[in-house]
Amino acid sequence: MDPSEKPRIATTGVVTPATPGISPEQKSTNGFDPTRSSSPSLSASIDKDELVRMYRLMLLIRRFEETCGQHYSLGNVRGFLHLYIGQEATGIGAITPLEARDYIVTHYRDHGHALARGLDTNRIMAEMFGKKTGLSKGKGGSMHIFDAAKHFMGGHAIVGAQLPLAAGIALAQQYLETDVVTMVFFGDGATNQGTFHETLNLASVWQLPIIFFMENNLYGMGSAVGRVRLQGADFSDVMGAYDVDTVSVDGMDVVAVREATQTAIDKVRAQGSPIFIEAKTFRFVGHSFADPGDQYRQKSEVEIWRRRDPLVTYPHRLLEYGLATQADLDDLSESVDAEIAAAVEFATNSPEPDLSEAFDDVYA
Amino acid sequence: MAEITIREAITQGLAEAIETDESVFIMGEDIGEYGGAYSITKGFLEKYGAQRIKDTPISEAAFVGAGIGAAAAGLRPVVELMSMSFSLVAFDQIVNMAANLRYMSGGQIKVPMVIRAPTGAGVQLGATHSQSFETWLAEVPGIYCACPSNPHDALGLLRSSIKSDNPVIFAEHSHLYGSRGDVPDDYYEIPLGEGKVARSGEDLTMVSYGYGVHILEQAAEQMAQDGVDAEIIDLRSLSPVDYDTIVASVQKTGRAVMLDTARRTGGIMSEVVSEVQERAMDYLDGPVMRVGSKDVPWPYNRNLEQDILAQSDDVIKAARKIISF
């Protein structure tokens, strides 16, 4: 039985029928009509070079993640590996409009965000390989990518734990009277953590300059959001509960995400109050590399989403509108492959950390 | 030199930090309008304003986490927990975030933050409000932990804690807020990790911290009447522990009793006993004794609670097993 059909028992003891939940079909498509919107939007407000650059970044993430998967199989990457494949449009749309002075805090599916922010591809890959030259000197791993100089404040692997941290960074901006925006990423799974409620309340009460960016990929590991959240995949209740402006955007449409995020950034920067963005997206692969991703969702559901793959639809759109030629895209693809190959070479040839480094960086 | 209470010493340390360092601010539950559950920050909101003195919702995970984030972004928050028992609600933030951020970022992030909390049993608050989790937190690499026994140390340790670029757990035994002692007028600091010989003696080394030092003093006075000259070492910091001072004392006396006012099992003294046996075995005339509160939840009833609490009689009983008097 679909959990949304379960009768709810009121405290009075009267059995009341459940409110009409979202249908299984709506659930599987995250509210989208899959036959519609196979083409992402374009925008006159973003210049041509930037539109093309956004594609390159998405492709960089896709190839980086595929390469990480290969090197996991080879034993060069270990631990837990959570791939961002399918969600590239969300990360690129969200992060590219941020300024260098803005802060990013994210979850453990963090490689895409790191690449979107422009962290050094070589050093991210070296961290994946656990090498001395990795961003965290090989002591963080896939789930803990940091680059403080770029205001990329991790890579956090306890679901929802990054939310208070981000609120604190935003609090510091308010305290120091900067116009810096803090953006914190989390998934639909994190919304059931206490820290989600606590941090939204805190941010609203204190009017912190923060963007809560939810990547709603419909599954907290293997649990469909409709099975574990009373309101299912509909997050419109957040605005009423916390008096925070909310925006919902098609996370498979990089330009739509970017424009929605740009508007939110401008508003937070000007007003210093929080905004909640929900990007509806989907991961094409399992939760982690250990998860084939087929036990808790239908192949047909994945197929529906794959039809909206931004790495297919977006370049098609660029060609259609004459913003790039096939030759341009081929060149770009080659340059991405070269960048990934160089990163693998860098990581492979980098030294292991000295054993003594286990004792460094414990205390300042 | 002035005689003040521990409460006044902590208030002074906080006020000083607020006045001398613009990056210092205080936040916690009811620290502003209410003045703090233990009146440490009474009058602060009026004096320093709402930017520096932030009342928080009852959301320990969120405001401890926010403190960590603010510290990571360059401020020096002093976060007050109303009770050390409430640290449990924020444990993920303290242990996974505050303690680990520096390490897992390869040294890129620092967390200059103090978490202050009243700790300890003995005032009939029952099982959920009487626990001493500083002994758990002292085990976590990446954070320091201080626990003063007197006003002089409270002020000196608080100054060092706020200046530290690391997260510091500052455990204040709730019995001791009214405890009086002399504090010098001239500025001084007490480095984290530096213990102190609180009383010199030749026959027996006794080690504790916070309220435990007062229990040891009672025990030492009583033993002195029986001709036993006990040395007392006040750890002052539970992390790092000043093992050198302890080991030097044990090498001199050959006998040791370690007192935890927290539960006996898994307390910091379990570590101290182990280290001392490894480093001073050849000097020992008997086993290193470990005294602690009994391993049950804290009862409400006064008689039961006092029976569970480690007392000076327990210390003396342990001492009699390794020295005749």
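Each chain gets a letter, A, B and so on, in the order its sequence line appears, and its residues count up from 1.
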Evaluate whether atom [atom1] of [X] has more than 12 neighbouring non-hydrogen atoms of other residues, nucleotides or ligands under 6.0 angstrom away.
{"X": "B/Glu33", "atom1": "CD", "result": "no"}
{"X": "A/Lys150", "atom1": "NZ", "result": "yes"}
{"X": "B/Tyr34", "atom1": "OH", "result": "no"}

[X] portion near chain A, given a 4.5 angstrom heavy-atom threshold:
{"X": "B/Val79", "value": "neither"}
{"X": "B/Met113", "value": "neither"}
{"X": "B/Asp165", "value": "both"}
{"X": "B/Gln93", "value": "side chain"}

ask   = Can you name the nearest heavy-atom pair linking B/Phe170 to B/Ala154, along with the distance?
value = CZ-O, 3.5 Å
Does this structure show an ion pair linking [X] with [Y], if we count only N-O contacts that are shorter than 4.0 Å?
{"X": "B/Glu189", "Y": "B/Arg159", "answer": "no"}
{"X": "B/Asp234", "Y": "B/Lys196", "answer": "no"}
{"X": "A/Arg229", "Y": "A/Asp237", "answer": "yes"}

Does a side chain donor of either [X] or [Y] reach within less than 3.5 Å of an acceptor in the other side chain?
{"X": "A/Tyr84", "Y": "A/Glu215", "answer": "yes"}
{"X": "B/Tyr209", "Y": "B/Glu134", "answer": "no"}
{"X": "A/His113", "Y": "A/Thr106", "answer": "yes"}
{"X": "A/Gln162", "Y": "A/His107", "answer": "no"}

key: Proximity breakdown for A/Ala161 and chain B, heavy-atom pairs closer than 4.5 Å   = both
query = Given a strict heavy-atom distance threshold of 4.5 Å, which part of A/His156 is in contact with chain B: side chain, backbone, both, or neither?
reply = side chain
Taking heavy atoms only and a threshold strictly under 4.5 Å, list by residue number the residues of [range] that touch chain B; give 'none' if the list is empty.
{"range": "residues 345-364 of chain A", "result": "A/Glu357, A/Ala358, A/Asp360, A/Asp361, A/Val362, A/Tyr363, A/Ala364"}
{"range": "residues 200-212 of chain A", "result": "A/Asn201, A/Leu202, A/Trp206"}
{"range": "residues 117-146 of chain A", "result": "A/Leu135, A/Ser136, A/Lys137, A/Lys139, A/Gly140, A/His144, A/Phe146"}

Any heavy-atom pair between the side chains of [Y] and [X] that's under 4.5 Å?
{"X": "B/Ile10", "Y": "B/Glu172", "answer": "yes"}
{"X": "A/Asp245", "Y": "A/Lys267", "answer": "yes"}
{"X": "B/Val207", "Y": "B/Met269", "answer": "yes"}

In terms of heavy-atom pairs under 4.5 Å, which option from [options] contacts chain A the most?
{"options": "B/Lys110, B/Gln51, B/Arg52", "answer": "B/Gln51"}
{"options": "B/Gly106, B/Pro167, B/Pro141", "answer": "B/Gly106"}
{"options": "B/Ala73, B/Gly142, B/Gly107, B/Ser164", "answer": "B/Gly142"}

task = Answer yes or no: is there a donor N or O on one side and an acceptor on the other, between the side chain of B/Asp30 and the main chain of B/Gly36, under 3.5 Å?
result = no
Pi-cation contact, A/Tyr72 with A/Arg78 (under 6.0 Å, within 45°) = yes
Can you give me every donor-acceptor pair (side chain of residues 56-68 of chain B, partner residue at least two apart or in another chain, under 3.5 Å) with its distance?
unit_1  : atom_1 : unit_2  : atom_2 : d
B/Thr56 : OG1    : B/Gly28 : O      : 3.3
B/Thr56 : OG1    : B/Glu29 : N      : 3.4

